[in-house]
Amino acid sequence: MTFSSQRISRLLSSAVILLLSIASSACHRISNEEKALRLETREALRTQAYDKAAALAQRALEFSPRDEGNWNRLVQAQFGQRDAEAVHRSLAGWRNAITRRSAKLEEYTGDLALEEHDPALARQAWLKAISIDGKNVRLHEKIARLEHGEHNWAEENKAWTAYLHRRENATARLNRALCRRHLQQWEEAFADLRRAQQLAPNDAEVDGAAKLFARLEKLLPQIRELNARLVLSPEDFGLLGDRALIFLRCKDPELALEDGEAAATLAPWAVRPKLFAAISLIDLGRAPECDKLSVLPSICLDFLTPELIETIARLDSEISVEQSNADLYVTRAWQLNEINQPGLSLQDAEAAMRLDPKSASGCAESSYALMKLGRGEEAFERIKQATEIDPNYATGWQYRGELEMARSDFVGAIESLTRALAVNQTATALEKREECYRRIGLSVKAEQDHRALEQLNAPAIK
């Protein structure tokens, strides 16, 4: 096929016109004043004199309103000023002035969205920028860090992988290793860690991660076993709790928190996941967030004995199938009061009382918890309720007596402690009543209790 000379002539004319147009655009003459403005703007940005840089960039735009470099420097300065409204205006002006697609414009759009707590828009803008300039590793890093903050581990893994296809360094390898640990991709995670160690053998962050992975490696067989069981039963809150405990023992509070929160979501009635989540938050320096779990931040893993953890796990499991059993809630409330977690204990005690309004022990556990929470008047009313429900409740009468002593009602305390001793003679009740007798001057009565206490405490004669 051949072209006619007329058609060739038209094509050549069009090409010349296009080249002249491009040359005209590219060869915009920059005056000495504009050159000086650009140099001053760059220097102001370098020294973080952002107010000056913004003013200079605005003047430069008056010379070249379609110059992308001038818009770039203006937006940089406005970010430095932390003037979001000005950045919005400049990005809109930039978009109107520059008709071609601009990776830098989209990147700044994403940066602003992130500052304004709109991660979805930030992600969308940065992905647009990548579609224009896919070799820009900075964009892949920004997306990776965004996905990390959103706990989108699979997407973070993809972003670091894209980054590493273009540039390899220890930081990216380390971040991908830590990300893959969230995904339970252990072989790949350890491989990335080893490569990070090769690239930066003396880096403190790499060394810290290596110690974490060494702790995880020791218990990796148990983790893998639980992972296999969770594949078959992904909604088993008990298995998630077991794995959270392993991660706590490995000193990996991030993974422990994930499992603890997941288990708590699946089983909101369960206590063990909340305890593990709270310990994780404390280890992560987020102790104030324990309040939303009704857990006091004094808790730590070392304080929880294996026997207690097993007991709480058993009670959680039993409650899961008998959620209307008041006695189970009372038993767990007692355990929680014993480890000084009155918030959770009060929840269980109140659940028991709703299920069984005649639960004297539920009232008593509620009273103990309320007192620990500094709600003394409510605590006293609740223990009175317990003794009214069950007049033969020795534990309730004894605690009522102790609360009456705290209120300086020694006569009332003597009566309550006497009721307790009539049902069950204990050293504590005798000791408390002796003290009350001495407080009101009944020395003879006090001596009688003292002798009874000595006899009770005397070792049995074989």
Side-chain angles (χ1 to χ4, degrees), residues 25-26 28 34 37-38 40-167 169 171-172 175-176 179:
S25 174
H28 163 71
E34 186 179 354
L37 280 172
R38 293 185 180 191
E40 283 188 75
T41 306
R42 292 189 183 97
E43 180 61 19
L45 287 170
R46 188 186 68 79
T47 59
Q48 299 182 2
Y50 296 118
D51 291 346
K52 180 180 178 181
L56 291 168
Q58 289 279 16
R59 287 176 56 194
L61 275 170
E62 293 173 7
F63 285 95
S64 303
R66 296 184 182 279
D67 185 277
E68 196 161 25
N70 288 335
W71 286 108
N72 185 356
R73 288 182 284 276
L74 174 60
V75 171
Q76 281 187 57
Q78 290 169 337
F79 268 117
Q81 291 174 306
R82 306 199 69 77
D83 189 343
E85 289 187 10
V87 174
H88 271 294
R89 289 194 299 271
S90 295
L91 292 177
W94 186 346
R95 202 173 294 278
N96 289 329
I98 309 297
T99 55
R100 63 184 176 276
R101 298 170 73 209
S102 168
K104 199 65 186 175
L105 172 58
E106 299 301 345
E107 182 178 359
Y108 281 138
T109 300
D111 294 346
L112 180 60
L114 188 65
E115 284 202 8
E116 295 184 334
H117 311 290
D118 190 344
L121 180 57
R123 182 186 296 107
Q124 180 183 22
W126 288 336
L127 287 172
K128 280 185 183 178
I130 285 175
S131 71
I132 301 167
D133 181 12
K135 295 180 180 180
N136 189 335
V137 294
R138 183 179 63 250
L139 291 167
H140 293 291
E141 180 176 356
K142 286 183 177 182
I143 289 180
R145 296 192 183 282
L146 170 65
E147 302 297 2
H148 178 86
E150 296 289 296
H151 294 181
N152 296 328
W153 310 122
E155 295 305 315
E156 182 192 356
N157 182 42
K158 288 179 185 177
W160 284 123
T161 299
Y163 180 104
L164 285 163
H165 281 163
R166 290 161 180 83
R167 178 185 298 170
N169 59 41
T171 299
N175 284 328
R176 192 170 69 169
C179 171

If we only count heavy atoms from C-beta on, is the [X] to [Y] side-chain gap below 4.5 Å?
{"X": "Glu85", "Y": "His88", "value": "no"}
{"X": "Val75", "Y": "Asp111", "value": "no"}
{"X": "Arg145", "Y": "Asn175", "value": "yes"}
{"X": "Gln58", "Y": "Glu62", "value": "no"}

### Salt-bridge present (Glu155, Arg123; N to O < 4.0 Å)
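The answer is no: the pair does not qualify as a salt bridge.
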To the closest 0.5 Å, what do you measure between [atom1] ([X]) and [atom2] ([Y])?
{"X": "Gln76", "Y": "Lys104", "atom1": "CD", "atom2": "NZ", "result": "6.5 Å"}
{"X": "Asp67", "Y": "Arg73", "atom1": "CG", "atom2": "CZ", "result": "6.5 Å"}
{"X": "Thr41", "Y": "Asn72", "atom1": "OG1", "atom2": "CG", "result": "11.5 Å"}
{"X": "Ile143", "Y": "Glu156", "atom1": "CD1", "atom2": "CD", "result": "12.0 Å"}
{"X": "Trp160", "Y": "Glu147", "atom1": "CH2", "atom2": "CD", "result": "11.5 Å"}

Could you check whether any side-chain N or O of [X] sits under 3.5 Å from a backbone N or O of [Y], counting only pairs where one atom can act as donor and the other as acceptor?
{"X": "Asp133", "Y": "Ala129", "value": "no"}
{"X": "Asn157", "Y": "Trp153", "value": "no"}
{"X": "Ser131", "Y": "Lys128", "value": "yes"}
{"X": "Arg167", "Y": "Tyr163", "value": "no"}
{"X": "Thr47", "Y": "Ala44", "value": "yes"}

Which atom of [X] lies closest to which atom of [Y], heavy atoms considered:
{"X": "Tyr50", "Y": "Gln81", "result": "CB-CG, 3.8 Å"}
{"X": "Asn70", "Y": "Leu61", "result": "CB-CD2, 3.6 Å"}
{"X": "Leu164", "Y": "Ala172", "result": "CD2-CB, 3.7 Å"}
{"X": "Ala97", "Y": "Pro65", "result": "CB-O, 3.5 Å"}
{"X": "His140", "Y": "Ala159", "result": "O-CB, 3.7 Å"}
{"X": "Ala54", "Y": "Leu74", "result": "O-CD1, 3.7 Å"}

### Of all pairs that satisfy salt bridge (Lys or Arg N to Asp or Glu O under 4.0 Å), the ones with a partner from residues 89-101, not counting sequence neighbours
Glu68-Arg100, Arg95-Glu106
### Query
Please walk me through it: do Trp126 and Leu114 pass side chain to side chain contact (heavy atoms under 4.5 Å, CB included)?
CA-CA 10 Å; Trp126 288 336; Leu114 188 65; 3.7 Å; yes
### Glu107/Arg138 under side chain to side chain contact (heavy atoms under 4.5 Å, CB included): CA gap, chis, key distance, verdict
CA-CA 10 Å; Glu107 182 178 359; Arg138 183 179 63 250; 2.6 Å; yes
#### Entry: Whether over 12 other heavy atoms sit under 6.0 Å from Lys52 NZ
no
### Task
Answer yes or no: are there more than 12 heavy-atom neighbours, outside Arg66 itself, under 6.0 Å from its atom CZ?
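Open: at most 12 neighbouring heavy atoms sit under 6.0 Å from CZ of Arg66.
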#### Entry: Trace of the side chain to side chain contact (heavy atoms under 4.5 Å, CB included) decision for Leu112 with Leu91
CA-CA 10 Å; Leu112 180 60; Leu91 292 177; 4.0 Å; yes
